[in-house]
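One structure is given here, and the rest of the page talks about it.
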Amino acid sequence: MRIGIGYDSHRLVEGRRLIIGGVDIPFEKGLLGHSDGDVLCHAIIDAIIGAMGEGDIGKHFPDTDEKWKGASSIMLLKHIVDLAHSNGFEIQWIDSIVITEKPKIAPHIDEMKKAISKAGISPSIVNIKAKTNEGMGFIGKGEGIAAQAACLLKKT
């Protein structure tokens, strides 16, 4: 068994869609990023890559590579799930947290699990929690959103 952890954060800006966990969430701002800026998928990707001992998301999807500009993070996650399988790993569990003051994330969790399943991860092994930062820091001021994830892998 191997455990990996992941973290991601992005700045909220006007003129972008807000995509978290593969779900387009109605909000006046979106997350700035080279891809679609999906902090939850990026944290999960980093957790899986970490559990495999394969570096981090930037190694696999550098923001200097135009191929990944505007890419769907669900597609990026699928690529990493496929990499895990090809390296003889099976994902056993994903535990994650999305940290934001606004918008409310809890109403979208079931839809996020369904979207994440398109990357090859069963919704039954994904836990998503929604938290605020109690008004503190860049998250509390509404300047950005962050996510954390942990992944348990089993060698097959």
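For clarity, every value in this text was computed on a predicted model and none was experimentally measured.
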When you measure from the centre of the six-membered ring of F89, is the NZ or CZ of K155 under 6.0 Å away and within 45° of the axis? yes
Give a yes or no answer on whether the side chain of D56 reaches the backbone of K59 with a donor-acceptor pair at less than 3.5 Å. yes
If you measure only the distance, is there a donor-acceptor pair under 3.5 Å linking the side chains of T156 and H85? no
For V81 versus I91, what's the shortest heavy-atom pair and its separation? CG2-CD1, 4.0 Å
Using every non-hydrogen atom in the two residues, find where I19 and D24 come nearest and quote the distance to one decimal. CG1-CA, 4.4 Å
Between H79 and F61, does the ring centre distance come in under 6.0 Å? yes
Between the side chains of K78 and D82, is the shortest nitrogen-to-carboxylate-oxygen separation below 4.0 Å, so that they form an ion pair? yes
So, S96 side chain and A147 main chain: donor-acceptor pair closer than 3.5 Å or not? no
Quick one: closest heavy-atom pair of I74 and C41, and the distance? CD1-SG, 3.6 Å
Report the C-alpha separation of H10 and D8 in whole Å, then their side-chain angles, then the decisive distance to 0.1 Å, and conclude whether the side-chain hydrogen bond (donor to acceptor under 3.5 Å, both in side chains) test is met. CA-CA 7 Å; H10 286 279; D8 194 39; 2.8 Å; yes
Does the N87 side chain pair with the main chain of L83, one donor and one acceptor, at a distance under 3.5 Å? yes
More than 12 foreign heavy atoms under 6.0 Å from CZ of R11: is that the case here? no
Check: D38 side chain, G21 main-chain N or O, donor-acceptor pair, under 3.5 Å: yes
Got a donor-acceptor contact below 3.5 angstrom from the E101 side chain to the N133 backbone? yes
Could you measure the distance from the CD atom of E14 to the CG atom of L32? Nearest 0.5 Å is fine. 12.5 Å
Carboxylate-amine/guanidinium contact K129 D95, below 4.0 Å: yes
